[in-house]
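Worksheet: one structure, shown below.
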Amino acid sequence: MAFDLTVKKRLHYFDLDLSLSCDDGRMLVLIGPSGGGKTTLVRMVAGLTMPDEGRIDFHEESWFDSSRGINLPTRKRRIGYVFQEYTLFPHLNLYDNAAFAAVDRKEVDGLLELFGIAHLRKRKPHLVSGGERQRCALCQAIARRPRMLLLDEPFSALDVVTRRGLREELKALKNNLTFPILYVTHDIGEALFLADEILPIVEGQIDRGWMQRTITRQPATGNPARATREPRLALAY
Amino acid sequence: MDFLSLYVTLKLALVATILLLLIAAPIAYVLAYAHFPGKALFEALIYLPIALPPTVIGFYLILAMGPKGAVGRAWGLLTGGSLLFTFLGIVAASVLYSIPFAVQPIKAAFLKIDPRLLENASVLGLSRFAAFVRVILPNSVGGMAAASILVFLHTIGAFGVLLMVGGSVPGVTKVASIAVYEAVEAMDYRAAGWMSLCFIPISYAFLLLVNRLNGDAKHGV
C-alpha cells in the first residue's frame, strides 16, 4: 500500500490503538462519534501530534518510527491538510492564500476557476462566505502538489446546501487525484457518498460493527453521555 | 527656546524605537512560543525596568558603561572612546529603559494569532523562521505599531536615566526633559513653559493613535 500506519497513543479518556492503510487515488473515510480519536489520528499523519509508539510509512519513506527514533517534521511530509475552518491567512487575499505554497503559480488561477472562486481572488478571507473559504483552503492544499491529502471535517461548519455542493465537487475532483486521501467526518451520508472505503473509529479503535449498530440505533458505547453525541444516519438520505 | 534639545529628544526617540523593534520582536517570539526552564525568570527580568526607579537603572548603567565596567571596557577596546555622556550611551540606556514597553504589546499580538495558522504554515512546508516572517509578522502589525508608539513616547518622557548616563551635553545628550529641568533650576520659567507646552500636543496625538490602533485590533481589521 502507498500509505501504512500503525500507532498507539494514550489519550485522556481511552487509548488510541489503530492500524490502517490507503492506496494511491483512493479515499479512506474515517467516521465515528466525535471525541473518538479521528482528528488525533489525522494530526499524527500530519506530524502535528506524536504517537507514543508505532510507525507511519509513505511508500518507501518512513515518516514516523518509534523503534528507530524517526519523526519527519510536518513541513517535510509534503501533505495537503484542510482543517475544519479558520486556517486561511487573514492578511492575504484568496489568490495569495491559494498560491501561498504553490509549486507552480500558473496552476493557481486554474484551481480558483475549478472551484468557482476566481472572481473573488482579490478578496480577503473575512469578506467571503464559509463555503468560499473552504474552497480556497482546498485550492491552497492542492496547489502545493501534496503527496497525500488530509481532510478533517472540511465542510462540517457549512450549511447543508453548500455542503452537498462541495462534496459533489470533491467527488468529481477525486478522479483526477493520484494520491491517498484521508477524509474525516461524522456524517454517515457524506461518508457513503464519498468513500472508497469506510473505517469506523470508536474510542480510539477500529469498530467495524459501528455503522450497523448506528443504523439500528444501538449506542456505540455503554457511556450514555457519549452515546448522545453520536451521528445518526438520516432517514431522508 | 531650546530647539536643539527638542531635536535631540526626537532623534533619540526615533533611533531607540527602531532599535527596540528589532530587539523586541525576537524576544517577544521567545516569550510567546518557546518553552524552556527558567522562562518565568527571564520574562520577569525583561519587565524589570518598569519596576525600578530610573535612577537605579542609570546607576547600574554608569557602572557597566564606565571605564571600569565590562561594557565600557569592551567599547573602549573596540573604538577607543567612551559610552558615557555620548549619544550612543543614551540610546543604549533608552533601549534598556523601554524594553518592557516594546516586548509586551508585541508578545500580546503574537499570542493573539490563531495557533492553527502556524500549524497550517508548517503543513505548507514553512520553517519556523519562514512562518515568523510570512505569517506572524504580517498578522502583528497592530501590535508592532502600538509598541513603536509606546516606546517613542516613553523615550520622550525619559529623564532620570538619561541625566545619569548622558549628563547634559548640549546638542549631544541634553534632551528636552532635561532642558526643562535646567530652565526651572535657573528660574527661567518662560523657557520652561514653552518647552513643556511642546510636549503636550505631541504626546497627546500619539496616544490617540495608540488607542486607535488598539481599537482597530479589537475589531479584527
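Quick note on labels: first sequence line is chain A, next is B, and so on, each numbered from 1. Predicted model only: the values in this text are computed from it and were never measured.
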Portion of [X] that has a non-hydrogen atom of chain B nearer than 4.5 angstrom:
X: A:I79; result: both
X: A:R77; result: neither
X: A:L88; result: backbone

With heavy-atom distances below 4.5 Å as the criterion, would you say the side chains of A:F83 and B:E119 are in contact?
yes

Check whether any side-chain heavy atom of A:L48 sits under 4.5 Å from a side-chain heavy atom of B:S122, and report yes or no.
yes

Under 6.0 Å from the [atom1] atom of [X], do we count more than 12 heavy atoms belonging to anything else shown?
X: A:K174; atom1: NZ; answer: yes
X: B:Y204; atom1: OH; answer: no
X: A:R147; atom1: CZ; answer: yes
X: B:Y47; atom1: OH; answer: yes
X: A:K76; atom1: NZ; answer: no
X: A:R10; atom1: CZ; answer: no
X: A:R43; atom1: CZ; answer: yes
X: B:F199; atom1: CZ; answer: yes

Nearest 0.5 Å, what's the OG1-CG distance between A:T74 and B:L118?
12.0 Å

Point-to-point distance, once rounded to the nearest 0.5 Å, from OH of A:Y81 to CG of B:N120:
9.5 Å

If you tally heavy-atom pairs under 4.5 Å against chain B, which of A:L92, A:T87, A:L150 wins?
A:T87

Donor-acceptor pair, distance only, cut-off 3.5 Å: does the side chain of A:R144 make one with the backbone of B:V123?
yes

Atom of A:R75, atom of B:L126 and distance for their closest heavy-atom approach
CD-O, 3.3 Å

Go through the steps to decide whether B:R134 and A:F100 satisfy the test side-chain contact (heavy atoms from CB on, under 4.5 Å), and finish with yes or no.
CA-CA 9 Å; B:R134 291 184 65 189; A:F100 192 80; 3.3 Å; yes

What's the verdict on side-chain contact (heavy atoms from CB on, under 4.5 Å) for A:H91 and B:V141, showing C-alpha distance, side-chain angles and the deciding distance?
CA-CA 10 Å; A:H91 64 293; B:V141 175; over 6 Å; no

Could you tell me which portion of B:D114 (side chain, backbone, both or neither) has an atom closer than 4.5 angstrom to a non-hydrogen atom of chain A?
side chain

